[in-house]
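Okay, so here's the structure we're looking at.
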Amino acid sequence: MRSNSSNIRVRFAPSPTGYLHIGGARTALFNWLYARKLGGVFVLRIEDTDIQRSTQESIDAIIDNIRWLGLDWDEGPILQSQRFHAYGGYAERLVREGKAYISEEKKGAKPAVILKRTSDLIVVDDLIHGRVEFDPEVVGDLVLMKSDGTPTYNFACVVDDSEMCITHIIRGDDHLSNTPKQLVLYRALGLTPPQFAHVPLILGPDGSRLSKRHGATAVGQFREEGILPEALVNFLALLGWSPGDNREMMTLEHLVASFSLERVSKKSAVFDAKKLAWLNMQYFKLRPTAEIARMALPYLEEFGVLPEEIPLPRLEAVVRLLGERFRNLRELAEKAHYFFTRTVRIDDTLFEKHLQKENAAAAIREVTGRMRALEEFTPESLEREMRAVIAERGVKAGELIQPVRVAVTGRTETPGIFETMALLGKEAVLARLEDALGRCGKRAAQGENG
RNA sequence: GGCGCCAUCGUCUAGUCUGGUCUAGGACGCCGGGUUCUCAACCCGGUAACUGGGGUUCAAAUCCCCAUGGCGCUACCA
């Protein structure tokens with residue numbers, strides 16, 4: 001546990017009924033930033049009172065992803081299910097004091113404990129929204145303990161937050177309507193409520209609350225795509241908050257230094273995947289090549305390249321050559337895998353367009369010959385030979401380079417062709433050029449016969 | 001339906017509290033140009049917003065009211 005200079009205590013309390021969501025991650029981040037900024041304590045509490053839907057797998061995944069984001073906690077994880085004993089006493093006390101009553105016996109089930117309604121105006125003093133008033137009638141009678149003997153969410157939440165001495169509850173806007181219920185509970189229990197800060201929701205591009213139908217929404221999915229944690233954290237921080245000085249790229253340290261609840265927006269924010277992609281690219285620029293190469297290894301597998309067929313130094317050279325041509329690791333693998341395969345596949349339309357053109361075969365045949373004679377297979381020597389052929393035939397550079405690019409890589413967009421071929425190596429380049437020439441010949445023969 | 005929250009470029013936002021310096025700034029995206037063997041990256045340029053209507057005021061993106069719209073909550077789920 002780290003030393004704390006304030007008595008601020010915040011918590012992140014996910015319910016383990018699924019994976020860690022983008023919205024949850026941002027709530028966790030804001031809580032963490034607040035605690036770290038003010039020297040407070042960050043508590044991780046797992047709200048697993050819904051035993052039907054809560055799973056251990058989900059708990060593990062949530063914890064794993066919080067760590068991956070670079071966040072840590074000072075206390076917990078505390079499982080609510082381990083605290084079932086704590087709630088009954090409070091409920092009994094409220095009954096004893098005449099503030100709650102026991103529901104009518106339903107056959108076969110235990111009676112529920114229900115808090116009687118109050119008539120006092122309920123005022124939420126929200127750190128982000130300011131003063132919000134609620135008619136106590138919207139709360140009505142409140143179930144505390146359900147017929148199955150477990151506490152309701154709002155009751156467990158209040159008891160836990162109080163016992164854990166939580167001073168600030170930072171959570172999603174969707175809970176603002178829950179707050180009057182909790183306030184009523186604090187009042188009934190004679191407890192001082194914590195400060196509330198309701199942060200805006202994260203929306204999908206269509207303006208409705210972000211959900212699965214908008215595509216990737218779980219932290220784990222972004223992780224799998226090859227999004228860097230620092231990029232995701234940075235992006236999330238900018239959703240509903242800004243430093244106010246036009247800064248875009250910020251590390252966790254920067255965020256801690258400049259974070260404040262006063263600068264959190266009231267307006268919900270639309271998740272912009274393109275901006276995330278851009279940020280991710282920016283962060284890739286800051287990562288050492290060797291590190292990126294190591295991270296890319298498993299992604300190459302998805303393209304049928306076995307990790308043992310990938311010498312790390314060679315992969316590093318590929319990553320270096322790729323430069324800024326990828327926005328996530330999956331994209332990197334997609335643009336790198338042809339460096340590791342024996343042959344390339346060129347689909348018909350591509351072949352048609354670039355290799356069936358007038359004189360393409362003849363030109364390729366000529367460069368192939370020149371390359372075969374090359375002692376040194378370097379970007380310089382390759383460029384020299386290619387340029388010679390280009391000059392000789394009086395064509396534009398692209399007219400030779402594009403067909404060669406397609407023949408050698410199977411795609412129209414690659415890093416510089418000379419560097420690409422040099423890295424591919426003489427043997428592979430010649431083999432691929434000859435494959436292409438063979439296919440040209442076959443096509444030509446077919447054309448003549450048919 | 002009831003209750004609540006919110007409202008600046010397509011998007012994230014600065015500016016609103018403490019009216020004038022805002023002919024509204026930055027970023028992503030998009031469009032155009034440069035560079036160039038393609039694609040990126042990079043550099044230059046451009047596009048584009050104060051939801052509407054009433055007030056208050058010498059002055060309103062900023063304060064007030066109403067309307068409209070969007071979202072959220074309306075469980076013995078969390």
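Residue numbers start from 1 in every chain, and the chains themselves are labelled A, B, ... in the order their sequence lines are given, proteins ahead of strands. Every value quoted in this text rests on a predicted model; they were computed, and no experiment measured them.
- Taking every heavy atom of residues 393-405 of chain A and every atom of RNA chain B, pairs under 4.0 Å involve A:Ala397, A:Ile401, A:Gln402, A:Arg405, by number.
- Between the side chains of A:Asn234 and A:His254, no donor N or O sits under 3.5 Å from an acceptor N or O.
- One side chain, A:Asp206 or A:Ser208, offers a donor N or O that lies under 3.5 Å from an acceptor on the other.
- Note on ring orientation: taking the six-membered ring where Trp is involved, the planes of A:Phe326 and A:Phe284 are perpendicular (angle over 60°, cut-offs 30° and 60°).
- RNA chain B is contacted by both A:Gly240 and A:Glu383; A:Gly240 maps to the nucleotide lying nearer its 5′ end (nearest heavy atom per residue).
- Comparing B:G25 with B:G34, their C1' atoms sit 26 Å apart, to the nearest whole Å.
- A:Asp60 and A:Gln56 are linked by a side-chain donor-acceptor pair at a separation below 3.5 angstrom, with hydrogens and angles left out of the test.
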Contacts under 3.5 Å, N or O only, protein and nucleotides 39-45 of chain B:
{"from": "B:C39", "atom 1": "O2", "to": "A:Arg325", "atom 2": "NH1", "distance (Å)": "3.0"}
{"from": "B:C39", "atom 1": "N3", "to": "A:Arg325", "atom 2": "NH1", "distance (Å)": "2.5"}
{"from": "B:A40", "atom 1": "O2'", "to": "A:Glu324", "atom 2": "O", "distance (Å)": "2.8"}
{"from": "B:A41", "atom 1": "O3'", "to": "A:Lys285", "atom 2": "NZ", "distance (Å)": "3.2"}
{"from": "B:A41", "atom 1": "O2'", "to": "A:Glu324", "atom 2": "OE1", "distance (Å)": "2.9"}
{"from": "B:C42", "atom 1": "OP1", "to": "A:Lys285", "atom 2": "NZ", "distance (Å)": "3.0"}

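- Ring geometry, A:Tyr87 versus A:Phe84: the interplanar angle exceeds 60°, so the pair is classed perpendicular (tilted spans 30 to 60°).
- In this structure, A:Lys212 NZ and A:Gln221 CD are separated by 10.5 Å, a value rounded to the nearest 0.5 Å.
- As rounded to the nearest Å, B:C6 and B:C42 have P atoms that lie 38 Å from one another.
- Non-hydrogen atoms lying under 4.0 Å from RNA chain B are contributed by A:Ile417, A:Phe418, A:Glu419, all within residues 417-426 of chain A.
- Counting any heavy atom pair closer than 4.0 Å across all strands shown, A:Glu248 reaches a base atom.
- Look at the P atom in both B:A49 and B:G10: the space between them is 7 Å, to the nearest Å.
- Within 4.0 Å (heavy atoms only), A:Ala269 reaches sugar-phosphate atoms of the nucleic acid but no base atom.
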Which pairs, protein N/O on one side and nucleotides 16-18 of chain B N/O on the other, fall under 3.5 Å?
none

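- Ionic pairing of A:Glu399 and A:Arg393 is not present here: no N-O contact between side-chain nitrogen and carboxylate oxygen is shorter than 4.0 angstrom.
- Taking only side-chain atoms of A:Tyr153, from C-beta outward, the nucleotide of B:A78, B:G10, B:C76 with the closest atom is B:A78.
- Ring orientation note: the planes of A:Tyr34 and A:Phe259 are nearly perpendicular, at an angle over 60° on the 30°/60° scale.
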All N/O contacts under 3.5 Å from nucleotides 71-75 of chain B to the protein, with atom names and distances to one decimal?
{"from": "B:G72", "atom 1": "O3'", "to": "A:Arg209", "atom 2": "NH1", "distance (Å)": "3.2"}
{"from": "B:C73", "atom 1": "OP1", "to": "A:Arg209", "atom 2": "NH1", "distance (Å)": "3.2"}

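- In the set B:C3, B:A78, B:C76, the nucleotide with an atom closest to the side chain of A:Phe134 is B:C3.
- Within a 6.0 Å radius of CD in A:Glu392, other residues, nucleotides and ligands contribute more than 12 heavy atoms.
- Side-chain contact check for A:Gln80 and A:Asp48: no donor-acceptor pair (N or O, by modelled atom type) lies under 3.5 Å.
- Spacing of C1' atoms, B:G32 relative to B:G53, comes out at 39 Å, to the nearest Å.
- Side-chain atoms of A:His129 lie closest to B:C5 of the nucleotides B:C5, B:G25, B:A78.
- Taking the six-membered ring for Trp and the full ring otherwise, the centers of A:Phe303 and A:Tyr338 sit at least 6.0 Å from each other.
- A salt bridge between A:Glu331 and A:Arg327 is absent, with no side-chain N of the basic residue lying under 4.0 Å from a carboxylate O of the acidic one.
- Comparing B:G15, B:A78, B:C6 by their nearest atom to the side chain of A:Arg263 picks out B:G15.
- For the residue pair A:Thr150 and A:Asp148, a side-chain donor N or O sits within less than 3.5 Å of a side-chain acceptor on the partner.
- For the C1' atom pair drawn from B:C63 and B:U56, the interatomic distance equals 8 Å after rounding to whole Å.
- Classified by interplanar angle (parallel below 30°, tilted 30° to 60°, perpendicular above 60°), the ring pair A:Tyr153/A:His175 is tilted.
- Using a 4.0 Å cut-off, no side-chain N or O of A:Arg171 falls inside it from OP1 or OP2 of B:A78.
- Distances shown here put a side-chain N or O of A:Lys266 below 4.0 Å from the OP1 or OP2 atom of B:C6.
- You'll find the side chain of A:Leu382 reaches within 4.5 Å of the side chain of A:Phe377, heavy atoms only.
- A:Thr150 comes within 4.0 angstrom of nothing in the nucleic acid, heavy atoms only.
- Between the side chain of A:Asp245 and the base of B:G26, no donor-acceptor pair of N or O atoms lies under 3.5 Å.
- Partners of A:Asp141 under the side-chain hydrogen bond (donor to acceptor under 3.5 Å, both in side chains) rule, at least two apart in sequence or in another chain, are A:Tyr101, A:Arg117.
- Here the straight-line distance linking atom CG of A:Asn65 with atom CZ of A:Arg223 works out to 5.0 Å at 0.5 Å rounding.
- Looking at the side chain of A:Leu238, the nearest of the listed nucleotides B:C12, B:A78, B:U13 is B:C12.
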